[in-house]
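Report on the following structure.
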Amino acid sequence: MGNRFICMTKKEVKENGSRSKRMGRSQRKLLAEEEFLHKQALSMALHQHQLSQRFEGSMSRRIGSTSSRRRNLPDDPISNEKQAPDFLERMITKKFILIHGEGFGAWCWYKTIALLEESGLLTTALDLTGSGIDLTDTNSIATLAEYSKPLIDYLQGLPEDEKVILVGHSNGGACISYALEHFPLKISKAIFLCATMVSNGQRPFDVFAEELGSAERFMQESKFLIHGNGEDKPPTGFMFEKEQMKGLYFNQSPTKDVALAMVSMRPIPLGPIMEKVSLTPEKYGTGRRFYIQTLDDRALSPDVQEKLVRDNPPEGVFKIKGSDHSPFFSKPQSLHKILVEIAQIP
């Protein structure tokens, strides 16, 4: 029992020291590149925030790669350059459209964009109406159709023979459900990331009822409501305080990503999340749906996510251990692997 004492020769000591130095340099390089990504994303978010303060009007933003520098992922065979061509040949659809959740914007996908593009895949992240640097007043967004318009416009503009893979996070799940109902032939697969995969006639808000209470009670009692048309009029949106956001969305996310979110999150329009979604077997029902569960999620608990899957069964279910409600921050490599795995399914 007790501590073990290990004897090594001088040669072994020298070789071990060399390996340690190499590992130290490799780790420092990874940390430096991660720091670079964080700084660039934070700079982008601050720039977006400044734009929102300086200009009026409406703007939709599509974001591609946030960095020309790539971080090597030796534990991920997908990032191996020699394997990439074979891997890509197995995929019919190589383009991902990333749809953020409530309060977020295209900025939140910066890690996912870098990892997917490193794998040779095409990626576009959209700002929904009133999100990111789209300067539409959130108090004016009353319907899911208005909120989802940038996504609908994008799908309408696709060539007839082109399909894409949609990824919807959180309430972005309602948006990709809406898209599936209106453009089923444009969507190869729809991936719900800890998302509101609602059934016909269900409100996206109902999915969060376990954490936030019933819609009726929330509308009457919540201290987070925004009355954009006057205190005597119905509420138009809501915005959690910083501590609530940290507890609900970012309980496992890196501190720097939480700081990025705190300067980038926007108020959430109430109309779209309170709207009952109309979905039909003939359109929505023909889509190929997949669900990714996050197992340390405080905004949408694992039990609630499991119920969504039982009530509205998708084609496949994947799980990310140790992830909060923002897996693009807390578990980016795990998320990347699952997205690519789903894309490869025939």
Side-chain angles (χ1 to χ4, degrees), residues 41-42 44-64 66 96-113 123-155 166-179 192-196 204-205 207-208 224-226 228 235-240 242 244-245 248-250 257-258 260-275 277 299-300 325-329:
L42 184 58
M44 179 178 70
L46 288 170
H47 178 62
Q48 293 175 359
H49 181 70
Q50 290 166 356
L51 281 175
S52 67
Q53 300 300 312
R54 291 168 54 196
F55 299 102
E56 295 179 355
S58 175
M59 187 189 315
S60 180
R61 174 76 167 177
R62 299 176 185 175
I63 297 181
T66 57
F96 285 85
I97 308 302
L98 308 177
I99 305 301
H100 60 81
E102 68 286 349
F104 291 85
W107 53 267
C108 72
W109 298 105
Y110 78 97
K111 290 181 179 179
T112 305
I113 291 169
T123 311
T124 296
L126 299 178
D127 279 327
L128 297 173
T129 307
S131 306
I133 64 167
D134 181 294
L135 301 182
T136 304
D137 182 0
T138 54
N139 294 308
S140 69
I141 305 167
T143 67
L144 185 59
E146 293 171 350
Y147 186 54
S148 306
K149 189 176 185 301
L151 171 58
I152 299 306
D153 289 347
Y154 184 90
L155 293 173
L166 297 186
V167 183
H169 168 244
S170 198
N171 194 49
C175 298
I176 67 173
S177 294
Y178 181 82
F192 294 78
L193 176 60
C194 51
T196 52
F205 185 91
V207 176
F208 295 97
F224 306 118
L225 292 173
I226 298 170
T236 54
F238 65 98
M239 182 76 174
F240 294 118
K242 288 186 177 181
Q244 277 74 25
M245 282 195 285
L248 285 172
Y249 295 111
F250 309 117
D257 287 323
V258 178
L260 168 64
M262 292 301 100
V263 300
S264 307
M265 298 284 279
R266 299 266 310 268
I268 302 161
L270 200 56
I273 205 171
M274 291 296 182
E275 181 180 324
V277 183
L300 206 60
H325 197 59
S326 304
F328 36 73
F329 290 157

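- Within the 4.5 Å cutoff, side-chain heavy atoms of M265 are placed close to those of M239.
- To the nearest 0.5 Å, atom OH of residue Y110 and atom CG of residue L260 are 6.0 Å apart.
- Using modelled atom types, no side-chain atom of T196 and backbone atom of V207 make a donor-acceptor pair closer than 3.5 Å.
- Side chain of T143 to main chain of E146: a donor-acceptor pair is present (N/O by atom type, distance under 3.5 Å, no hydrogens or angles).
- Proximity of a side-chain donor or acceptor of R266 to a complementary backbone N or O of G105 within less than 3.5 Å is not detected.
- Using modelled atom types, no side-chain atom of S170 and backbone atom of A195 make a donor-acceptor pair closer than 3.5 Å.
- The two residues G130 and T138 come nearest to each other via the heavy atoms O-CG2, 3.4 Å.
- Side-chain contact between S326 and D257 is absent, with no heavy atoms from C-beta onward closer than 4.5 Å.
- Of the candidates I97, T112, L98, L98 is the only one forming a side-chain contact (heavy atoms from CB on, under 4.5 Å) with V167.
- Shortest non-hydrogen contact noted between E102 and Y147 is CA-OH, 4.0 Å.
- With values rounded to the nearest 0.5 angstrom, L193 atom CG is found 12.0 Å from I99 atom CD1.
- In this pair, F328 and F104 present their aromatic rings perpendicular. The plane angle is above 60°, beyond the 30 to 60° band.
- Under the 3.5 Å distance criterion, the side-chain polar atoms of N139 are left unmatched by any main-chain donor or acceptor of T236.
- Residues forming a ring pair (Phe, Tyr, Trp, His ring centres under 6.0 Å) with H325 (at least two apart in sequence, or on another chain): H169, Y249.
- Counting heavy atoms from C-beta on, the side chains of N171 and I268 never come closer than 4.5 Å.
- Residues L144 and A174 come closest through the heavy atom pair CD2-O, 3.9 Å.
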